[in-house]
A.B. asks: 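Dropping a structure here in structure tokens format, bear with me for questions.
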Amino acid sequence: MNSEAMERAREVEAQLTDEERFSLLISVMGANAVLKDKDPRIPDGVPMSAGYTPGIARLGIPALLMSDASLGVTNPGYREGDTATALPASIALGASFNPELARRSGQLVGREARSKGLNVQLAGGLNLHRDPRNGRNFEYLSEDPWLTGVLGAESVKGIQGEQVISTVKHFSLNCNETNRHWLDAIIDPGAHRESDLLAFEIAIERAQPGSVMTGYNKINGTYAGGNEPLLQGILKGAWGFPGWVMSDWGATPSWEFALRGQDQESGVQIDVMMWGHETFTAPLRAAYAAGELPKERLSEMVQRILYAIFDVGIDRWEGTPDVDLAAHADIALETARQGIVLLKNDGLLPLEAPSTAAAPFKVAVIGGHAQLGVPSGCGSSAVTPPGGYAEVHSIGGPGIMGSMRNLYVLPSSPLAELQKLLPDAEIEYDPGMSPAEAALLARRSDVAVVFGIRVEGEGYDNADLSLPWGQDAVIEAVAGANPNTVVVLETGNPVAMPWLPKVRAVLAAWYPGQRGGQAIAEILAGVTNPSGKLPLTFPAGLDQTPRPELPGLGTPWGTPTAVNYNEGSDVGYRWFAKTGQQPLFPFGHGLNYTRFGYADLAVQSRGGVRAEFTVTNAGPRRGADVPQLYLLEDPAGSRMRLLGFERVDLEPGESRTVSLDVDPRLLASYDSSRGQWHTHGGSYRLALGYSVGNYAMEADVSLAESWFGR
Ligand code: BGC
């Protein structure tokens, strides 16, 4: 905690009038595609964004201008003509397993935000991937709390290092979109601490975000924003979080949330749409006047906001930063390169013209709007890139998010980029409209590259794991017509692959951002060696997941829905280990064009568990690998956990020694009755591997019993 910022927050708060105090407790949403009229509380000349809170000039408190930023500084609907660097989806950043890249993406967001006068970024989506249908998984990093917490922290540090406040969101268990305003996420409290809350805990303690945004959902029967055990007990109590808790937009039905830990109501107009009233305006003032909201609590709410302002320094901006858009585009490209995962390759990739062939190498590129660009996810996180979209196709749908559901195509054409890298090849395009037509081109080509895309986004869960618009049938037909077929998936989630045995290679490119087409082409052509690793398990089908049926899916908007997360902390790969099932592709999996070997694993437990080992690039090309350290068994039985990872970039023949310090919480369980972490005494079996289930070596380490933390 920054005691200077805290002291100043107290001093300044003491000088405020009640009128000023209340003015800080709400944010007003800017005019956009949904709210056509500008709210008169937003002064003229202020850039439109997701939230505006007035400043208090006489005391040097700046107005808060909040914008979304999961994948860049958002703009569709706001600020006509505005553009920003459109980064790959967070799930691609997760697949890079690269904290340094997360930091650079955060810096990029911070700089661009600041250059637009926006000082709060609603970035930092830390919800775990619990369900492969979740429409917002592309905005989240992974299914693992350590990977999510570590990457999330770096992104917050990157943003706040530019003197822009970052939130982390959506606290907590906002892991499905179906009826999200009426969704009750049921979970065992100890399991919650070991999973979704652990991701938040790690990110918050490492990066001190100024603000935490609550989810729309309930947790164990109580809305996140009014959830006292979560906000007062854990976030502000056990973790000592000094910043402020804002609601999600339109998630404050009751002024009493102020008594339970929420400090600010966000997007008040959406509360009017949802609940028929604003909440932290007249109702909260009335509660204060009636003595139901204590003065001390009002002061505390304000002090928390002021603390974050002073701690991050948004009141001390000097000048406007230079924004190097070309350098930022390179960060987008590098994230796509490192985040694309090569799932399968039986020797077809990288694409090479047979050296003996007299005729030109013929490549068919099919489907996915690949002649124009790459898709992105939709909802509040969408970003218009410099130069605009290549295409926006309205999709629509029920509920208030229908108007924001679009197929956005970012102008980085895989087709054009592939042609640049294979200038001697004859590359033809087929739109993938019909299986029969696509097969015609595939049949007369040496290789077929077929794209499978899906529009995923906020407000909607996927009904199943299939590709829409008959694309599975197109892939089947192409693979039937040409044995040398590569599938490139551009989705925000795992998909089913009924055609998998018939194709020779598969790339998961996610939503790869404004330079995504280039990154895909580079990997296909072998200019870039793929290095992404799956940040979530690809199931063979929904029947392998904890909830083959998603409760509430298909019920009308407004239907109360309870999702029982009865897998507890056994999310993703841990669920598969516990139930002994083989997924389609495991967590951590990702192929490349070289070979890595591991040696000399040594694990010691003095002063914390530390593993040391050597990684060698034993293959023919430069490449990056992500060795992963797992817990396989503890004294209580089998118990999978990712304990650590490191991305290592090596030249052929080069070796590097890596040491990983294991966070003690990953070796412990959370005992809610005692309110502490518990390490069992005894022997722990660790494994070093390439992915879950693919281990190079194992080692045992003994630990004494201990209780720690809160
Ligand atoms: C989303 C948040 C976002 C907010 C403001 C909500 O619909 O759930 O993630 O920050 O809108 O745009």
Side-chain angles (χ1 to χ4, degrees), residues 26-35 39 42 47-53 64-79 84 89-90 109 113 118-127 134-141 152 155-156 159 164-183 185 200 209-217 223-225 244-252 264-275 377-383 397 399-405 456-461 492 557:
I26 60 161
S27 71
V28 178
M29 197 170 192
N32 61 12
V34 181
L35 304 171
D39 191 291
I42 305 178
M48 291 299 118
S49 69
Y52 168 82
T53 302
L64 301 178
L65 269 77
M66 310 178 181
S67 136
D68 281 289
S70 291
L71 349 155
V73 182
T74 55
N75 37 31
Y78 299 114
R79 306 187 304 281
S90 306
V109 165
L118 306 169
N119 53 16
V120 179
Q121 293 298 283
L122 313 170
L126 300 183
N127 299 98
N134 179 20
R136 279 187 105 172
N137 274 351
F138 77 95
E139 285 190 63
Y140 305 140
L141 293 155
S155 140
V156 170
I159 294 172
V164 171
I165 292 172
S166 178
T167 61
V168 288
K169 69 187 188 185
H170 311 86
F171 192 74
S172 167
L173 282 174
N174 186 178
C175 295
N176 280 104
E177 289 296 288
T178 298
N179 267 313
R180 60 183 179 170
H181 300 270
W182 294 273
L183 186 153
F200 278 100
S211 177
V212 171
M213 186 196 299
T214 55
Y216 281 122
N217 53 296
Y223 273 116
W244 91 95
V245 174
M246 63 168 76
S247 69
D248 201 339
W249 268 236
T252 313
Q264 191 181 50
E265 175 192 6
S266 309
V268 286
Q269 303 102 308
I270 309 291
D271 278 309
V272 175
M273 284 164 78
M274 289 292 307
W275 318 106
C378 58
S380 60
S381 65
V383 179
I400 54 174
M401 295 305 290
S403 64
M404 294 174 80
R405 200 174 182 206
E456 298 181 43
E458 188 176 337
Y460 304 92
D461 286 326
W557 168 255

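Computed over heavy atoms, backbone and side chain alike; hydrogens, waters and symmetry mates excluded. Atoms within a ligand are numbered from 1 in the order they appear, just like the ligands themselves.
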A.B. asks: If you take all heavy atoms of Leu118 and Ser67, which pair is closest and at what distance?
C.D. replies: CD1-CB, 3.6 Å

A.B. asks: Could you list the atoms of ligand 1 found under 4.0 angstrom from a heavy atom of Ala50?
C.D. replies: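 Under 4.0 Å from Ala50, ligand 1 has these atoms: 5 (C), 12 (O).
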
A.B. asks: Any nitrogen or oxygen of Trp249 lying under 3.5 Å from a nitrogen or oxygen in ligand 1? Just yes or no.
C.D. replies: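 Such a contact does not occur with ligand 1.
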
A.B. asks: Of the non-hydrogen atoms in Lys169 and Asp68, which two are nearest, and what is the gap between them?
C.D. replies: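 Nearest pair, atom of Lys169 first, then Asp68: NZ-OD1, 3.2 Å.
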
A.B. asks: Under a 4.0 angstrom heavy-atom cut-off, which atoms of ligand 1 come close to His170?
C.D. replies: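 Contacts of ligand 1 toward His170, numbered from 1: 2 (C), 8 (O), 9 (O).
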
A.B. asks: State, without any angle test, whether Glu265 and Thr252 hold a side-chain donor-acceptor pair at a distance under 3.5 Å.
C.D. replies: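 Judged by distance alone, the side chains do not pair up.
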
A.B. asks: Of all the atoms in ligand 1, which lie at a distance below 4.0 Å from a heavy atom belonging to Arg180?
C.D. replies: 7 (O), 8 (O)

A.B. asks: Looking only at heavy atoms, what is the nearest atom pair of Trp557 and His181, with distance?
C.D. replies: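 That closest heavy-atom pairing would be CH2-CD2, 3.4 Å.
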
A.B. asks: At a 4.0 Å cut-off, with the gap strictly under it, does some heavy atom of Glu458 reach an atom of ligand 1?
C.D. replies: yes

A.B. asks: Select one of side chain, backbone, both or neither to describe which atoms of Glu139 lie under 4.0 Å from any atom of ligand 1, heavy atoms only.
C.D. replies: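 For Glu139, no heavy atom sits under 4.0 Å from ligand 1.
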
A.B. asks: For Met66 and Trp244, work out which heavy atoms get closest and say how close.
C.D. replies: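 Taking Met66 first and Trp244 second, the nearest heavy atoms are CE-CZ2, 4.3 Å.
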
A.B. asks: Below 4.0 Å from any atom of ligand 1, is there a heavy atom belonging to Met66?
C.D. replies: no

A.B. asks: Closest heavy-atom contact between Thr74 and Val383?
C.D. replies: CA-CG2, 4.1 Å

A.B. asks: When you measure from atom 10 (O) of ligand 1 to every protein heavy atom, which one gives the shortest distance, and what is it?
C.D. replies: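 Closest protein heavy atom to atom 10 (O) of ligand 1: Asp68 OD1, 2.5 Å.
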
A.B. asks: Distance to 0.1 Å, residue and atom name: give those for the protein heavy atom nearest to atom 4 (C) of ligand 1.
C.D. replies: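 So the nearest neighbour among protein heavy atoms is Asp248 OD1, 3.5 Å.
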
A.B. asks: Which heavy atom of Leu64 sits nearest to which heavy atom of Gln264, and what is that distance?
C.D. replies: CD1-NE2, 4.1 Å

A.B. asks: Any atoms of ligand 1 less than 4.0 Å from a non-hydrogen atom of Lys169? List them with their elements.
C.D. replies: 2 (C), 3 (C), 9 (O), 10 (O)

